[in-house]
Amino acid sequence: MTFTEEIRKSADIIWQESKDHPFILELKAGTLPPEVFRFYLIQDRYYLEQFSKIHLKAAELAIDKEVRSCFLDGVKSLEAAEISVRKTFFKELNVSNEEISQTPIAPAAYHYTSHMYREVESKNIARIAAALLPCYWLYQEIGEELIANGSPDPLYQRWIETYDRESYQTAVRRQIQLTDQLADQVSLDEQLLMKQAFIISSYEELNFWEMAYTKQKWGLKR
């Protein structure tokens, strides 16, 4: 069993909760409220901007040219696929720059990116790669499961198809291979920290769905 197969297995229950989350099930059924999807896209825009910056920081830390290239390829994939798709959705949904700027970063989105920046502070590219991997891999698995039946809502169907494209599949395979490669180069203690980063990111992915579904805001619960 490879390192990534091992950590993927350890996160199986968490990932299944993501796949069974009402956000995903209602998106599949076409019943997800448009305002919830709108909120998700705005928060995801912030997340993807940070996700891209973290790739760049990892590339700066990488000594090996091929490893550096993998992180930079991740940035290119984001710019060519996910971010451009989000811009198209924003146009269709009439999401203005003003609305984006006036929508506060939700707690879960802030917490997820803060977790990854913490791994960047370690200056350990193996841990950074492990922290980044769930975003790639979980979306691929969700996309594969959803594409089988699709969604009756055309907009949601296009979102699903984003994660079934060959270019995205290639990006996921690249990140898995990179994480395995880096895991082979570190100690067992460092592998445990990689696993921890991966598990935390998996929880953060689950929290992201909940954040979008509830349109999470900052504030005290009374």
Are the side chain of [X] and the backbone of [Y] linked by a donor-acceptor contact shorter than 3.5 Å?
X	Y	result
Gln191	Ala183	yes
His55	Asp73	no
Trp218	Ile105	yes
Asp164	Gly143	no
Ser69	Lys65	no
Thr113	Ala109	yes

[X] vs [Y] side-chain heavy atoms within contact, under 4.5 Å:
X	Y	result
Val67	Gln181	yes
Leu146	Tyr163	no
Thr162	Tyr168	no
Ile199	Glu204	no
Gln175	Gln140	no
Ile14	Glu205	no
Gln196	Ile200	yes
Thr88	Lys91	no

Do the side-chain N and O atoms of Gln157 and Glu161 include a donor-acceptor pair separated by under 3.5 angstrom? yes

What's the spacing between [X] [atom1] and [Y] [atom2] if we round to 0.5 Å?
X	Y	atom1	atom2	answer
Gln43	Arg38	CD	CZ	13.0 Å
Ile125	Leu132	CD1	CG	11.5 Å
Leu27	Tyr156	CG	OH	6.5 Å
Glu119	Ile128	CD	CD1	7.5 Å
Ile42	Gln102	CD1	CD	10.5 Å
Thr103	Lys215	OG1	NZ	9.5 Å

After noting the C-alpha distance and the side-chain angles of Tyr136 and Phe51, does the key distance pass the ring-ring contact (aromatic ring centres under 6.0 Å, His included) rule? CA-CA 11 Å; Tyr136 283 95; Phe51 197 65; 5.6 Å; yes

Stepwise side chain to side chain contact (heavy atoms under 4.5 Å, CB included) check, Asn124 with Glu190: CA-CA 9 Å; Asn124 185 311; Glu190 285 299 324; 2.8 Å; yes

Closest contact, heavy atoms only, [X] versus [Y]:
X	Y	value
Ile7	Phe198	O-CE2, 3.3 Å
Ala126	Met194	O-CE, 3.4 Å
Asn94	Glu99	O-OE1, 4.2 Å
His115	Ala131	NE2-CB, 4.1 Å
Ala130	Thr179	CA-CG2, 4.3 Å
Met116	Ser201	CG-OG, 4.5 Å

When clusters are formed by joining ILVMFWY residues with side-chain heavy atoms under 4.5 Å apart, either directly or through shared neighbours, do [X] and [Y] land in the same one?
X	Y	answer
Ile147	Trp137	yes
Ile54	Leu193	no
Phe37	Ile100	yes

Salt bridge or not between [X] and [Y]? Use side-chain N to carboxylate O under 4.0 Å.
X	Y	result
Arg8	Asp12	yes
Glu166	Arg173	yes
Arg45	Glu49	yes

Sub-6.0 Å ring centroid separation between Phe208 and Phe23: no

Run the ring-centre check on Tyr112 versus Trp209 and record whether the distance is less than 6.0 Å.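 Not under 6.0 Å, so no.
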
Above 12 or not: heavy atoms from other molecules or residues under 6.0 Å from [atom1] of [X]?
X	atom1	result
Tyr110	OH	no
Lys217	NZ	yes
Tyr46	OH	yes
Glu66	CD	no

What verdict does the side chain to side chain contact (heavy atoms under 4.5 Å, CB included) test give for Leu56 and Leu72, after you've listed the backbone C-alpha separation in whole Å, the side-chain angles of each residue and the deciding distance to 0.1 Å? CA-CA 6 Å; Leu56 291 173; Leu72 293 177; 3.9 Å; yes

Under the ring pair (Phe, Tyr, Trp, His ring centres under 6.0 Å) rule, collect the residues that match up with Tyr213, sequence neighbours excluded.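 Listed in chain order: His21.
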
Sequence neighbours excluded, which residues qualify as ring pair (Phe, Tyr, Trp, His ring centres under 6.0 Å) partners of Phe71? none

Residue pair Ile176, Thr2: steps toward the side chain to side chain contact (heavy atoms under 4.5 Å, CB included) verdict: CA-CA 10 Å; Ile176 291 173; Thr2 65; over 6 Å; no

As a quick check of understanding, evaluate side chain to side chain contact (heavy atoms under 4.5 Å, CB included) for Gln185 and Leu182, giving each step before the final call. CA-CA 5 Å; Gln185 299 171 4; Leu182 294 172; 4.0 Å; yes

